[in-house]
Engineer: 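After the C-alpha cells below, expect a handful of questions from me.
Each ligand, and each atom within it, is numbered from 1 in the order the structure gives.
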Amino acid sequence: MLISNSFGLRVKAKNFLSIDTPEDLSKLDAIKDNSILILGACTNVILNKDINQTIVQVNYKDIKMFEDYLSVGGGVDWVDFIEYCLNNNLYGIENLTHIPGSVGAAPVQNIGAYGVEVSSFIHSVECFNLLTKQQETIDRAQCKFEYRNSIFKSKNYIILKVNFIFPKTFEPDLSYPALANYLIDNSINTKSLTPQLLSESVKNLRNSRLPDPRLEPNVGSIFKNPLVKTNDFDRHFLIGHKWEQDNGMTKLSAARLIELIKFELSIPETLRIYENHSLVLINNGEASFDDVKSLLDQIGVKIFNKFNVELEIEPEIISS
Ligand SMILES: Cc1cc2nc3c(=O)[nH]c(=O)nc-3n(C[C@H](O)[C@H](O)[C@H](O)COP(=O)(O)OP(=O)(O)OC[C@H]3O[C@@H](n4cnc5c(N)ncnc54)[C@H](O)[C@@H]3O)c2cc1C
C-alpha cells in the first residue's frame, strides 16, 4: 500500500496494522522479528521508497475528561485537539495551534512553537511497552522531556493516549518576540486577548511563514536549532539569531546558518529551500529519498566546515 506523507515522497509498505482498540495490541505478537514502524500522520518523517517493516498506527480517537486530567486518544488530529481545548476553556496550549500531526506523536519530539512546549501540559502518557509487552502509564518526569526530545525516541513505546492538565486561568505566553510583534503590528491589545484570538494570531503568523504541506509538500523544520556552549561561541554575525539559555548554552538559529551558505549549495531541481523560511525544504515534485538525504548531508557538511557547528536533522529519517 502507498503511505501518504506530508513530504509527498512515493512510499510503499507491505504490511499495516491499525490499533483501534486495546484488543488490537495482541496482533503485534504475530509480527515477525517484532519489526514494526510506528507512524502517526507522517508529517515529521522522511521515508525511503520501500518500507519492509509493519507500519503500526494508533487510531484511538476518544477525548475524555477525568477529575485530574483530560485523556486524549493518540489518533486524534492535533488541530482538532486544539479546537476542542478552545471550545472547552482549557487554557495555555494556544501557541501550539496549527502544528500538523497526531496527538500520539506530540510527546515524541516534545513539539513546541512560539516559546511553548507540549511537555508543560502533559500529566502522563499511556503506552504499550514493546519490551515488556505490557501497557503502562508514564508520568511527566519519567518522560524525560527536553528540547525536541523524550524517552519515546527510544522506540520502545507505542503511545496510545496522552493525558493533559491545564492551568485554571488564561495566562498567555507572549515571550516569543515574533508573536509579541505580531500582536503589536496588528493592534491587538494584550489586555483584551482571548484564547481564541491568540490561537487565531498564531495560525496567521504560521501561515505567513510556513508553507501548507498540502500545496507545498514539506516536513516543517528540517534541522533542530543547534545548542552550543556559550563560552565557546562568540560569533557576532549571529546577533539577533542566537538565544542564550540558562544552562551555559546558547541556541543558534539553524535557519540563519542555512541562509549564510545556501548560495554555495548544489540543489537538485526536485527540491528547493522555502523562500520565506530557510529551515523548510520543499518537494517540487518527484523528489526521491536519496535527493533529500544527500542535500541534507551537503548542508550539514558545509555548515560544519564553515562554522564548526553540528546540525541535527529534526524529522526522523527512515531508510528501510
Ligand atoms: C508544515 C509543518 C509545520 C510543523 N511545525 C512544527 C512546529 O511548529 N513544532 C514542532 O515541534 N513540530 C512541527 N512540525 C513537525 C510535526 O508536525 C510534529 O512533529 C508532529 O508531532 C508529528 O506528528 P505525526 O503524527 O505526523 O508523526 P509522524 O511524522 O507520523 O511520526 C513522527 C515520530 O513520532 C513517532 N510516533 C508517531 N506516532 C507515535 C505513537 N503513537 N507512539 C509512538 N511513537 C509515535 C514516529 O515513529 C516518528 O518517530 C511541523 C511539520 C510540518 C509539516
Engineer: Show me the donor-acceptor pairs, under 3.5 Å and distance only, between side chains in residues 72-90 and residues at least two apart or in other chains.
Structural biologist:
from	atom 1	to	atom 2	distance (Å)
D77	OD1	V79	N	3.0
D77	OD1	D80	N	3.4
W78	NE1	L96	O	3.0
N87	ND2	E83	O	3.3
N88	ND2	Y84	O	2.8

Engineer: Would you please indicate if the ring centroids of Y157 and F152 are separated by under 6.0 Å?
Structural biologist: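 Yes.
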
Engineer: For E312, is there an ion pair with R148 - N to carboxylate O distance below 4.0 angstrom?
Structural biologist: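 Not counted as a salt bridge, because no side-chain N and carboxylate O are separated by less than 4.0 Å.
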
Engineer: Below 3.5 Å only, please: the N or O atoms of ligand 1 paired with protein N or O atoms, distance on each line.
Structural biologist:
from	atom 1	to	atom 2	distance (Å)
ligand 1	5 (N)	R206	NH2	2.8
ligand 1	8 (O)	R206	NH1	3.0
ligand 1	8 (O)	R206	NH2	3.3
ligand 1	9 (N)	G112	O	2.7
ligand 1	11 (O)	Q109	NE2	3.2
ligand 1	11 (O)	G112	N	3.1
ligand 1	12 (N)	Q109	NE2	3.2
ligand 1	17 (O)	T43	OG1	3.3
ligand 1	17 (O)	P100	O	2.6
ligand 1	19 (O)	N44	ND2	3.1
ligand 1	19 (O)	Q109	NE2	3.0
ligand 1	25 (O)	A41	N	2.8
ligand 1	25 (O)	S102	N	2.9
ligand 1	25 (O)	S102	OG	2.7
ligand 1	26 (O)	A41	N	3.4
ligand 1	26 (O)	C42	N	3.1
ligand 1	26 (O)	T43	N	2.8
ligand 1	26 (O)	T43	OG1	2.7
ligand 1	29 (O)	T43	N	3.1
ligand 1	29 (O)	N44	N	2.8
ligand 1	30 (O)	G40	N	2.7
ligand 1	30 (O)	A41	N	3.4
ligand 1	30 (O)	C42	N	2.9
ligand 1	41 (N)	I159	O	3.1
ligand 1	42 (N)	I159	N	2.8
ligand 1	47 (O)	I38	O	2.6
ligand 1	47 (O)	K155	NZ	3.1
ligand 1	49 (O)	K155	NZ	3.2
ligand 1	49 (O)	E316	OE1	2.4

Engineer: Does the pair K203/E200 count as a salt bridge with the N-to-O cut at 4.0 Å?
Structural biologist: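 Salt bridge between K203 and E200, a charged N being under 4.0 Å from a carboxylate O: no.
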
Engineer: Which pair of heavy atoms, one from S6 and one from T43, lies closest together, and at what distance?
Structural biologist: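 Closest pair (atom of S6, atom of T43, distance): OG-CA, 3.2 Å.
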
Engineer: Between E216 and R272, is there a side-chain N and carboxylate O pair less than 4.0 Å apart?
Structural biologist: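 Salt bridge: yes.
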
